[in-house]
Amino acid sequence: MESGGLRHELIFFRISSIIYRMTYQTLSELILLLLLAISAGRIFFIKNARLDPLSAVPLITLIFSMLQFFAFGLSIFEVLIFFLAFSLTIWNVRALARFKAKLVVDHYGILFVLISILNLILIIIVGVFAVLYRPVRIDMKKFNVDITTKSYSGSLDEAYSEYENPVRPKSASVKKYESKNAEPDEPKKIIAFIPSESSRLEFYEPFFAKLARDGYTVYAASFPTTDVHYFNSVLDVEPFRSSILTKYKYLGHKNYDKAMENKEKNLVREFTALLKLIPTGPQDSIFLVGDTVPHTAYLSATLNTTNKVVKGSFDLGTIPGYYTAGYGPVESGYPVFAKLLGYERDGTFYMASHIAGKLESYIQESLSVKTEMHPHEIETESDETENLTTDAGDESDAVEAL
């Protein structure tokens, strides 16, 4: 009996540990799947004639699944949950109409029962994969890093102002990552970062945390409106833009090449806008960093911003061993997509540490040169950074290992 009780306690502790390390994205996905499972599974526990309020759950879940798109993008699991909610909503239309008319349900038809069982099986399958391929949560407290987010209204071609009027849309967001031990009066090593068009800013957070912990100040920007022109349509609005470009790039779609015709122009405008939003002191050093960025984009952005001194630029896409260049460190940020690319989920943040180490080496070498540098593409050395070998099952220890 004691061994059985201990085993149950260990199982409970393990489950609790997994839940604690889940991101808000995974937790919200599991909550929506749980709601759908309750609705689909009610055929097993509603036996007597009664009203059927659970028929409204799929419609409510459908609405929240669409909100998920704007919070986390059109990821694979968000899309699957949306279609499951849509399917259950369609099959519950009659039940919802009966509930609205306050008619009781005394039994379910055989077809409805079979469809509900099928949906329940699919919900369970999606739930299992959502747990197995969940994004890795990063604890900023372990890195001793502060995150400050500022939202702006305006456009890339006009001056931005801090977001105050709720009537106007948020057209830019800038996140600042900085060590809590940073001295305000000391010269800063500033990194201005724009994510790849086929990625999301959240995928790079372990990379930002490593840099901030090591003494760098990171400003990472996203521009979610149609100011960034890849499709010249409503598809340029996030979450559609990055999700569609990711799909096109992965499939080698011809529309991806067409969209990339505007890439350099977009990046020049984005980096120029970000430089104008970064507060700097006379002794601060700024470095422009991106993921698969043409080197001429860095130069043009620097020339457009004459009041900021840019010490150099760096393209993460040139780093040897960074096999998911252009998608970001998806092994930890988007594991299910990493699996499609042929890579496993990584709870150690190895790739984020690898690319951060290469960038830090470049910056240190650049600052050792006394003369002012012009932006250019840097070919990184081929030597590998030290492999951080930690137990992939213990993600909290992996963070400390960084």
Side-chain angles (χ1 to χ4, degrees), residues 15 18-45 52-96 99 112-137 198-203 205 224 234-235 237-248 250-251 327-328 330-341 345:
I15 294 174
I18 291 174
I19 293 175
Y20 173 75
R21 293 199 298 266
M22 286 181 178
T23 61
Y24 291 130
Q25 178 179 357
T26 302
L27 289 172
S28 60
E29 289 168 355
L30 294 180
I31 290 173
L32 294 182
L33 288 170
L34 178 61
L35 291 174
L36 292 177
I38 292 173
S39 179
R42 74 186 189 276
I43 57 175
F44 298 111
F45 55 81
D52 190 9
L54 292 179
S55 60
V57 171
L59 178 59
I60 296 172
T61 307
L62 178 65
I63 295 171
F64 278 99
S65 70
M66 289 188 286
L67 295 177
Q68 289 275 103
F69 292 154
F70 294 95
F72 307 112
L74 276 70
S75 73
I76 292 173
F77 290 127
E78 264 60 51
V79 172
L80 289 175
I81 292 172
F82 169 80
F83 280 111
L84 285 171
F86 181 78
S87 172
L88 278 169
T89 300
I90 294 300
W91 282 99
N92 278 272
V93 168
R94 291 183 61 189
L96 186 59
F99 172 67
F112 184 84
V113 170
L114 292 176
I115 293 296
S116 295
I117 292 174
L118 176 61
N119 277 310
L120 185 59
I121 293 172
L122 293 175
I123 290 167
I124 293 172
I125 292 173
V126 172
V128 169
F129 278 95
V131 172
L132 291 177
Y133 294 99
R134 64 192 182 277
V136 183
R137 178 176 175 265
S198 302
S199 185
R200 289 177 62 84
L201 208 59
E202 294 81 3
F203 300 165
E205 282 218 320
V234 70
L235 296 180
V237 177
E238 290 290 8
F240 305 111
R241 184 206 311 151
S242 60
S243 300
I244 294 173
L245 287 172
T246 299
K247 174 187 172 183
Y248 283 170
Y250 174 72
L251 297 176
Y327 296 116
V330 291
E331 297 92 339
S332 57
Y334 195 3
V336 67
F337 183 69
K339 185 67 176 178
L340 294 178
L341 296 174
R345 178 179 183 271

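Owing to the predicted nature of the structure, the values given are computational and were not obtained by experimental measurement.
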Task: Atom pair OG (Ser116) and CG (Asn92), whose distance is rounded to the nearest 0.5 Å - done: 6.5 Å
Open item on the list: How long is the straight-line distance from OG of Ser198 back to CZ of Arg241, given to the nearest 0.5 Å?
Closed with: 11.0 Å
TODO: Indicate yes or no: at least one non-hydrogen side-chain atom of Ile38 is less than 4.5 angstrom from one of Val57.
DONE: no
Open item on the list: Please report the interatomic distance CG(Leu84) to CZ(Phe77), rounded to the nearest 0.5 Å.
Closed with: 11.5 Å
Open item on the list: Run Leu122 and Phe83 through side chain to side chain contact (heavy atoms under 4.5 Å, CB included) and show every step you take.
Closed with: CA-CA 11 Å; Leu122 293 175; Phe83 280 111; over 6 Å; no
Open item on the list: Return the OH to CZ distance between Tyr24 and Phe72, rounded to the nearest 0.5 Å.
Closed with: 10.0 Å
Open item on the list: Is it the case that the side chain of Thr26 and the backbone of Met22 share a donor-acceptor pair, with hydrogens and angles ignored and the cut-off at 3.5 Å?
Closed with: no
Task: Criterion side chain to side chain contact (heavy atoms under 4.5 Å, CB included) on Ile117 and Phe44, from CA distance to verdict - done: CA-CA 10 Å; Ile117 292 174; Phe44 298 111; 4.0 Å; yes
Task: Separation of Ile81 CD1 from Leu33 CG (nearest 0.5 Å) - done: 4.0 Å
Task: Considering all heavy atoms, the nearest Pro135-Arg345 contact - done: O-NH2, 4.2 Å
Open item on the list: Can you confirm whether Asn119 sits close enough to Leu36 that some side-chain heavy atom of one is under 4.5 Å from a side-chain heavy atom of the other?
Closed with: no
- [ ] Return yes if some donor-acceptor pair links the side-chain N/O of Thr89 with the main-chain N/O of Ala85 below 3.5 Å, else return no.
- [x] yes
- [ ] Kindly indicate, with the supporting measurements, whether the criterion side chain to side chain contact (heavy atoms under 4.5 Å, CB included) is fulfilled by Asp52 and Arg42.
- [x] CA-CA 9 Å; Asp52 190 9; Arg42 74 186 189 276; 2.9 Å; yes
Task: Distance (rounded to the nearest 0.5 Å) between Phe64 CZ and Leu59 CG - done: 11.0 Å
Open item on the list: Is it true that, when you exclude Phe129 itself, more than 12 heavy atoms of the residues, nucleotides or ligands shown sit nearer than 6.0 Å to its CZ?
Closed with: no
- [ ] Would you please test Val234 and Phe240 for side chain to side chain contact (heavy atoms under 4.5 Å, CB included) and show each step?
- [x] CA-CA 8 Å; Val234 70; Phe240 305 111; 5.6 Å; no
Task: Check: Leu54 main-chain N/O paired with Ser39 side-chain donor or acceptor under 3.5 Å - done: yes
- [ ] List the atom of Phe70, the atom of Pro239, and the distance in Å for their closest heavy-atom pair.
- [x] CD2-CD, 3.7 Å
Task: Nearest heavy atoms of Leu340 and Tyr250, plus distance in Å - done: O-OH, 3.5 Å
TODO: Write down the atom of Ser75, the atom of Glu29, and the distance for their closest heavy-atom approach.
DONE: OG-OE2, 4.3 Å
Open item on the list: To check you understand the geometry: which heavy-atom pair defines the closest contact between Arg200 and Ala71, and what is its length?
Closed with: NH2-O, 3.4 Å
- [ ] List the atom of Phe337, the atom of Thr246, and the distance in Å for their closest heavy-atom pair.
- [x] CZ-CG2, 3.6 Å
Open item on the list: Closer than 3.5 angstrom, by distance alone: can the side chain of Thr23 be matched with the main-chain N or O of Arg137 as a donor-acceptor pair?
Closed with: no
Open item on the list: Which residue is it: Leu34, Leu118, Leu88? I am looking for the one with a side-chain contact (heavy atoms from CB on, under 4.5 Å) to Ile123.
Closed with: Leu88
Open item on the list: Tell me if a side-chain donor or acceptor on Tyr133 pairs with a main-chain N or O of Ala338 at a distance below 3.5 Å.
Closed with: no
Open item on the list: Can you confirm if the aromatic rings of Phe69 and Phe82 lie within a centre distance of less than 6.0 Å?
Closed with: yes
